[in-house]
Amino acid sequence: MKLAMAGKGGVGKTSISGTLARLLARSGRRVLAIDGDSNPNLALTLGVPASRFDSLPMLPDDLLESVPGGVRLSRSLDEICAEHGVQASEGVTLLVMANPQRAGVG
Amino acid sequence: MFGELEGEGKVVVADLEAGFGTILRMREGQADMAFIIAQPSAKSLEVARRALAVTAARNIPAVLLANRVAGDDDLELITDVLKPTVPVVVVPDDRAVAEADEQGVAPIDVAPDSPAVQVIVGLVKRFVTEPALSGPRSA
């Protein structure tokens, strides 16, 4: 099941997304939270300590590969989560699409 | 990338980029539900209006979350502008959530019984855990 949270910046999207993810995890679901915002702070609502923010892994650019008719993931979702995911409260796995705090870190 | 994710037994909750760019690129079937979040302000309502139009055109099931609603006037503004044809969930303006935000902590950790958090509890039950949308549970 895929749930998308959308809205203008500053409307409370991230607080609602994180709360929703954690409540789903509490209900027994395996939850993958994706922070797709260019100003990512979903980690905060997911209970990740602020001290870890600077070291949150970014997703690499090569996760999508072209196939006839479109694109697909170059690795399985489980592999991506294992390599780049962050464990947050209630067992939620977080993937961060972009982490400006690490921009330029090579 | 969101469109290419297959759940593999997981519930995927995507906090999309601000605005409606990702929704605009989304095709039918790429999301089981889009929650479009708006507050009673002109700019947020315009983004929500466009996002709702896209989800309707692409047959993506949507729910409007009217956030930070402080009273009847706020809700009236939102419904007057958006004229929603999708379910509307009203999240009240909640000082506890604002304080959590100021402190850099999660509302669910410091104010789990606050009105806004309780609305999200209800939203999960109503739209996600009901049988039509129910996903697999972990063992």
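These numbers come from the heavy atoms of this one structure, side chains and all, not from hydrogens, waters or symmetry mates. Below, read A as the first sequence line, B as the second, and so on, with proteins coming before strands; counting in each chain starts at 1.
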Is there a side-chain contact between E90(A) and I108(B) in this structure, where contact means two heavy atoms from C-beta onward sitting under 4.5 Å apart?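 Side chain of E90(A) against side chain of I108(B), heavy atoms only: no contact under 4.5 Å found.
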Quick one, D78(A) and K10(B) - any side-chain contact, counting heavy atoms below 4.5 Å?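 SC-SC contact between D78(A) and K10(B) confirmed.
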State yes or no: do [X] and [Y] share one hydrophobic cluster built from I, L, V, M, F, W and Y residues joined by side-chain heavy-atom distances below 4.5 Å, directly or via other members?
{"X": "L24(B)", "Y": "I60(B)", "result": "yes"}
{"X": "L16(B)", "Y": "F20(B)", "result": "yes"}
{"X": "V105(B)", "Y": "L56(A)", "result": "no"}
{"X": "F35(B)", "Y": "V92(A)", "result": "yes"}
{"X": "V110(B)", "Y": "V117(B)", "result": "no"}

What is the distance from atom [atom1] of [X] to atom [atom2] of [Y], rounded to the nearest 0.5 Å?
{"X": "T14(A)", "Y": "I37(B)", "atom1": "OG1", "atom2": "CD1", "value": "8.0 Å"}
{"X": "I16(A)", "Y": "N67(B)", "atom1": "CD1", "atom2": "CG", "value": "4.0 Å"}
{"X": "D109(B)", "Y": "L46(A)", "atom1": "CG", "atom2": "CG", "value": "10.0 Å"}
{"X": "F127(B)", "Y": "L3(A)", "atom1": "CZ", "atom2": "CG", "value": "11.5 Å"}
{"X": "R22(A)", "Y": "I120(B)", "atom1": "CZ", "atom2": "CD1", "value": "13.5 Å"}
{"X": "K8(A)", "Y": "Q39(B)", "atom1": "NZ", "atom2": "CD", "value": "7.0 Å"}

Could you look at [X] and say if it's the side chain, the backbone, both or neither that has a heavy atom under 4.5 Å from chain A?
{"X": "L45(B)", "answer": "neither"}
{"X": "A48(B)", "answer": "neither"}
{"X": "L123(B)", "answer": "side chain"}

Residues which pass salt bridge (charged side-chain N to carboxylate O under 4.0 Å, His left out) with D62(A), listed by chain and number, not counting sequence neighbours: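 Partners of D62(A) under the salt bridge (charged side-chain N to carboxylate O under 4.0 Å, His left out) test: R75(A).
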Residues that E46(B) engages under salt bridge (charged side-chain N to carboxylate O under 4.0 Å, His left out), provided they are two or more places apart: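 Applying salt bridge (charged side-chain N to carboxylate O under 4.0 Å, His left out) to E46(B) gives R49(B), R50(B).
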Go through [options] and name the one with the most non-hydrogen pairs under 4.5 angstrom from chain B.
{"options": "S15(A), G18(A), S17(A)", "value": "S17(A)"}
{"options": "T45(A), L42(A), L23(A)", "value": "L23(A)"}
{"options": "G9(A), A21(A), G12(A)", "value": "G12(A)"}

For D80(B), is the CG atom crowded, meaning more than 12 foreign heavy atoms sit under 6.0 Å from it?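 Correct, the count exceeds 12.
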Ignoring hydrogens, what is the shortest heavy-atom contact between [X] and [Y]? Give both atom names and the distance.
{"X": "I23(B)", "Y": "A6(A)", "answer": "CG1-CB, 3.7 Å"}
{"X": "V11(A)", "Y": "S44(B)", "answer": "CG1-CB, 3.5 Å"}
{"X": "V47(B)", "Y": "G7(A)", "answer": "CG1-C, 4.0 Å"}

Kindly say whether D15(B) contributes a backbone atom to a donor-acceptor pair with the side chain of K13(A) at under 3.5 angstrom?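 Judged by distance alone, no pair lies under 3.5 Å.
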